[in-house]
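What follows is one structure encoded as structure tokens, with my remarks underneath.
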Amino acid sequence: MPELPEVETVRRGLSERIVGELVVSVEIRHGSILEDCTSDDLGGLAGFRFASVDRRGKYLLLRLELAKGKITLVVHLGMTGQLTWRAKGATVTDRFRKLVSGYRKSEGPHSIDAHTHMVVVCASGGELLFRDPRRFGRILLFEGWGDGNCRRLERLGPDAWRMDHGTLASILKERAGRRAVKTVLLDQGVVAGIGNIYADEACFQARIRPGRTLSGLSGLRIADLARAVDEVLEKGVRNAGTSFRDFVGADGSDGSNQEDLKVYGRGGSPCLVCGKSLRSASIAQRTTVWCSGCQT
DNA sequence: AATTCGCCCTGTCGGC
DNA sequence: TGCCGACAGGGCGAAT
């Protein structure tokens, strides 16, 4: 569920806290989250210093360096991943309350529980924690700061964040094939960062049915879609992400974008614009919600 | 070429 | 109250 706005929120929060920190040790508590690397490889990060935190699509790229070289720690949050910073002596919570309906207050730094799979201990006494109950998240490691060394990153299209509308529109048009609008938006090889929430929200905003064939849309409609994508992502970042269930920022606090969602998770409820019951169906193997009154 | 399916996972929730 | 099945879904690889 963490999509571009959520990952960007984590990136910003981590960037403020972790840059300059020196790694003392790395503990991997559940190895199944590792891809193409071992616990020992991660242990080799000791002595490296965090230099910056980047993002590509839904991937976080933690750049580390040591006199002899550079390395990138890649984190994908999957569905329920949480990457948080816990400063030395910070008051922690032992509870990981789920946000289903109603709202949850910020809970602050995490404690280490059975779902905490990685602990990076730093010289300041602070710790970087990766927690992921469903374990769809992934941690990768590669030499250098270039993305060419990582097959997953090589597959990604350009990042959707603040992309020029004209550029985004032409990319969508070029890569449309005979696929549904929603399918194209979710294809990380076309444009990276959009997931189920923001795809549905963008389609609603652009008044386009997500199941329509993208190539059948006029240039103007595709331009609407590109603008809508930009707007929903921008708002998502401004709201520090959507905390529908598990998402928290790097400081353990919730975002507020769930309060602004128009269609996601609202199937069967009345459309906030026209009052018609929102429709729900599976498109591209994802639950998709739209308004048959507002979207054509 | 595009689509579908199965897989990985566990917490939550509706139904009985 | 308790048990059970359905569901949530990002990304990948295999099958269709």
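Computed from heavy atoms alone, side chains included, the values below leave out hydrogens, waters and symmetry copies. Just so it is clear: chains get the letters A, B, ... in the order the sequence lines come, proteins before strands, and each one is counted from 1.
Taking atom CZ of residue A:F244 and atom P of nucleotide C:dC7, one finds them 17 Å apart after rounding to whole Å. Rounded to whole angstrom, the span from the CG atom of A:L214 across to the P atom of B:dT3 amounts to 12 Å. Straight-line distance from the CZ atom of A:R266 to the P atom of C:dA8: 17 Å, rounded to whole Å. In this structure, CG of A:D187 is placed 10 Å from P of B:dT3, rounded to the nearest angstrom. Rounding to whole angstrom units, CD1 of residue A:I283 and C1' of B:dT4 are separated by 15 Å. Spacing between atom CG of A:L34 and atom P of B:dC9 amounts to 13 Å, rounded to whole angstrom units.
Taking A:H165 as the reference, nothing meets the ring-ring contact (aromatic ring centres under 6.0 Å, His included) condition, with sequence neighbours excluded. Checked against salt bridge (Lys or Arg N to Asp or Glu O under 4.0 Å), A:R152 has the following partners two or more places apart in sequence or in another chain: A:E35. In this view, A:M163 and A:P158, A:T167, A:L168, A:I171, A:V191 satisfy the side-chain contact (heavy atoms from CB on, under 4.5 Å) rule, not counting sequence neighbours. Among residues two or more places apart in sequence or in another chain, the ring-ring contact (aromatic ring centres under 6.0 Å, His included) test is passed with A:H76 by A:Y59. By the side-chain hydrogen bond (donor to acceptor under 3.5 Å, both in side chains) test, A:T84 is found to be paired with no residue, residues two or more places apart in sequence or in another chain being considered.
A:D113 and A:R131 are joined by a salt bridge, as a carboxylate oxygen and a charged side-chain nitrogen come within less than 4.0 angstrom of each other.
Using a 4.0 Å cutoff on non-hydrogen atoms, no part of residues 172-180 of chain A comes near DNA chain C.
The side chain of A:H30 contributes no N or O atom lying less than 4.0 Å from OP1 or OP2 of B:dC9.
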With B for base contact, S for sugar-phosphate-only contact and - for none (protein heavy atoms under 4.0 Å), nucleotides 9-16 of chain C reads BBBSS---

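Note on residues 271-288 of chain A: pairs passing side-chain hydrogen bond (donor to acceptor under 3.5 Å, both in side chains), not counting sequence neighbours, are A:K182-A:T288, A:K276-A:S292. Listed by first and then second residue, the salt bridge (charged side-chain N to carboxylate O under 4.0 Å, His left out) pairs that reach into residues 5-14 of chain A are A:E8-A:R11, A:E8-A:R12, A:E8-A:R55, sequence neighbours excluded. Pairs passing the salt bridge (charged side-chain N to carboxylate O under 4.0 Å, His left out) check and including a residue from residues 170-180 of chain A, sequence neighbours excluded, read A:R179-A:D187.
The hydrophobic cluster around A:L278 extends to A:F204, A:V263, A:V273, A:V289, counting ILVMFWY residues whose side-chain heavy atoms fall within less than 4.5 Å of a member.
Under a 3.5 Å cut-off, the side chain of A:Q205 and the backbone N or O of A:E201 do not form any donor-acceptor pair.
Bending across the helix from B:dA2-C:dT16 to B:dC16-C:dG2, expressed as the angle between its end axes from five pairs apiece, amounts to 60° (10° rounding).
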